[in-house]
Number of protein chains: 2
Amino acid sequence: MPDNQELAPDTPGSDRQEQAQEKEQPRRRQARGERRIAQLLEAAAHVFCTTGYTAASTNAIAREAGVSPGTLYQFFPNKEAIAIELGDRLMHRMRETYGEALAPVDPATPLEEAVGAAVDRFIAFNCDHPVFFALMHGPDIPGRISEEHDALHATLLARVTDLLSSLLPDTADPADLARTAQMCLGMYKAGLELVLGHAGAEREAYVQELKNALVRYLEPLVGARLGTPARAGA
Amino acid sequence: MPDNQELAPDTPGSDRQEQAQEKEQPRRRQARGERRIAQLLEAAAHVFCTTGYTAASTNAIAREAGVSPGTLYQFFPNKEAIAIELGDRLMHRMRETYGEALAPVDPATPLEEAVGAAVDRFIAFNCDHPVFFALMHGPDIPGRISEEHDALHATLLARVTDLLSSLLPDTADPADLARTAQMCLGMYKAGLELVLGHAGAEREAYVQELKNALVRYLEPLVGARLGTPARAGA
DNA sequence: GACAAACGCGAGTGGTCGCTCGCATTCTGG
DNA sequence: CCAGAATGCGAGCGACCACTCGCGTTTGTC
């Protein structure tokens, strides 16, 4: 509920001019400007969270940040760019913090442990940054962000697929594996929505329920492997 | 205006319940008007499906229906009313067609059969009426429709809960049961999204995958009961 | 056929929103 | 210290949208 996401300005003291793909010059920023940008992004996160992307007005974001509309457009070319930048920073933060959450593919890890760790990490991230969920689930979001969403989805899908193929190395059909990965992601999404919709002990219970669902779904697929006899109760 | 006179135009082929729920006078409609309403709702369904509710403009709906904006407002007081009426008709249709999909609670039914039947029926409905999904999942939808969404969700939740409690009659905690029902609905929603996103054989495969996930999730909970040994392969 | 009401139209209205522009203020390099 | 850039402001512009209004057309009823 509390969006306590302070967004660090990326690597202060280093300017990047190698953006040759954009014909725009890398606009010199003062420390004040970087602060304003962070302030605006925080405000945008709050507004996006409460009203969604399309319903959020740039004036509202500026008001929330305590600046004028003109100031907002000093730092962002348009409304979409705000969401893009916000999404980029969140993605970057996620990668650097929980990037390897899905990576460990030690085949000796019991299923419950692997699933539990991955779920815990991602749930934690989404609880800390509720905007992420809002940005990635809005069906009203225009082109560019949608691309990012697709990219993220593809990335996660690949990770899950890798993790799954390491857990069940002798699976027959890669198409089946792809569907299983899709289903896992979908189940995670559904569970995340339930988790975010509750708090305290109830939230914990839903986290456990999500883990149960995933483990039970995957359990029969790892039947070839030995071990993993435990079954978590609620 | 004069008070309501005899309000029984023939209205061929359809009952009228709208005069009872509207406290306003029930605007006498001609057959032409009813046709226009159906036409407009069909157009609205198409536009809502492709662009979402908020992004859909009433002018676009009118254009899609081949009428003028003024004509649209001859039959609907505002944009929201269009979605409301559309939602009402869909809900009514769903109830009368698949209302008992979740109802049968014969404890002798094997789990796979119960889950499979329920999933098949609801998947079929959602495939026939994609607007339903669009209307019920838009986070951008204003108050009234959101209430309907909540009502539907609560109804489905109650049905699922009933069905579950009939399948596992000796479950300990009703809170656990509620969470399980929520999780089932969430899994169904996630699976539905995957199903709608594919076609042909791939769609069928996802339907099967959804059934597998639900069955495996619920299987350990019905362990007290005997039978249900089969396991469907993909 | 006459009358009223339902239907149909499409330019127009008020309001919101994304975004701009001119100008004032603060910072920074030389 | 001073030119020039970065920052900051907020009224306002154009576009779009939900919705209206006046008027002409069709339909049901007597």
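Just so we're on the same page: letters track the sequence lines, and every chain starts at 1.
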With a cut-off of 6.0 Å (strictly less than), are more than 12 heavy atoms of other residues, nucleotides or ligands near CZ of Arg93(B)?
no

Roughly, in whole Å, what's the span from CZ in Arg28(A) to C1' in dG29(C)?
8 Å

Between the two end axes of the helix from dG1(C)-dC30(D) to dG30(C)-dC1(D), each built from 5 base pairs, what angle do you get to the nearest 10°?
10°

Nearest whole Å is fine: how far is dT7(D) P from Gln74(A) CD?
6 Å

If you look at every strand shown and take non-hydrogen atoms under 4.0 Å, does Ala31(A) touch a base, only sugar-phosphate, or nothing?
nothing

Just the rounded figure in Å: distance from P of dA6(D) to CZ of Phe75(A).
11 Å

Identify all side-chain donor-acceptor contacts of residues 67-76 of chain A below 3.5 Å with residues at least two apart in sequence or on another chain.
{"unit_1": "Ser68(A)", "atom_1": "OG", "unit_2": "Gly70(A)", "atom_2": "N", "d": "3.3"}
{"unit_1": "Ser68(A)", "atom_1": "OG", "unit_2": "Thr71(A)", "atom_2": "N", "d": "3.3"}
{"unit_1": "Ser68(A)", "atom_1": "OG", "unit_2": "Thr71(A)", "atom_2": "OG1", "d": "3.3"}

In whole angstrom, give the distance that lies between atom CD of Glu34(B) and atom C1' of dT27(D).
15 Å

Let me have a per-nucleotide readout for nucleotides 21-27 of chain C, 5' to 3', with B, S or -, counting only protein heavy atoms under 4.0 Å.
-----BS

Could you pull out all residues at least two apart from His153(A) that satisfy side chain to side chain contact (heavy atoms under 4.5 Å, CB included)?
Leu157(A), Gln182(A), Leu185(A)

Contacts of Ala199(A) that satisfy side chain to side chain contact (heavy atoms under 4.5 Å, CB included) - sequence neighbours left out:
none

Taking CZ from Phe76(B) and P from dT20(D), how many angstroms apart are they, rounded to a whole number?
15 Å

Just by distance, do the side chain of Arg29(A) and the backbone of Glu34(A) share a donor-acceptor pair under 3.5 Å?
no

Describe the nucleic acid contact of Ala56(B) in one word from base, sugar-phosphate, nothing, applying a heavy-atom distance below 4.0 Å.
sugar-phosphate

Which residue pairs pass the ring pair (Phe, Tyr, Trp, His ring centres under 6.0 Å) test when at least one of the two sits in residues 32-72 of chain B, sequence neighbours left out?
Phe48(B)-Tyr53(B)

Set of side chain to side chain contact (heavy atoms under 4.5 Å, CB included) partners for Ala43(A), sequence neighbours left out
Ile61(A), Glu64(A), Ala65(A)

Which pairs with one or both residues in residues 184-211 of chain A pass ring pair (Phe, Tyr, Trp, His ring centres under 6.0 Å), sequence neighbours excluded?
His198(A)-Tyr206(A)

What's the verdict on side chain to side chain contact (heavy atoms under 4.5 Å, CB included) for Leu210(A) and Leu194(A), showing C-alpha distance, side-chain angles and the deciding distance?
CA-CA 9 Å; Leu210(A) 170 57; Leu194(A) 288 173; over 6 Å; no

Set of side chain to side chain contact (heavy atoms under 4.5 Å, CB included) partners for Ala213(A), sequence neighbours left out
Met187(A), Met183(B), Met187(B), Tyr217(B)

Nearest whole Å is fine: how far is dG8(C) C1' from Gln39(B) CD?
12 Å

Identify which nucleotide among dG10(C), dC19(C), dC7(C) has an atom closest to any side-chain atom of Ser68(B), counting heavy atoms from C-beta outward.
dG10(C)

Listed by chain and number, what are the ring pair (Phe, Tyr, Trp, His ring centres under 6.0 Å) partners of Phe125(A), not counting sequence neighbours?
Tyr98(A), His129(A), Phe132(A)

Between dC9(D), dC19(D), dC19(C), spot the one nearest the side chain of Lys79(B), thanks.
dC19(D)

d(CZ, Arg35(A); P, dA6(D)) in whole Å
17 Å

Between residues 58-66 of chain A and DNA chain C, which residues have a heavy-atom gap below 4.0 Å?
Thr58(A), Asn59(A)

Walking DNA chain D from its 5' end, the first of Ala55(B) and Thr71(A) to be reached, judged by nearest nucleotide, is Thr71(A)

Between dT25(D) atom P and Arg36(B) atom CZ, what is the distance in whole Å?
17 Å

I want to confirm an ordering. Mapping Ser57(A) and Gly33(B) to their closest nucleotides on DNA chain C, which one lands closer to the 5' end?
Gly33(B)

Which residues share a ring pair (Phe, Tyr, Trp, His ring centres under 6.0 Å) with Phe133(B), sequence neighbours left out:
His137(B)

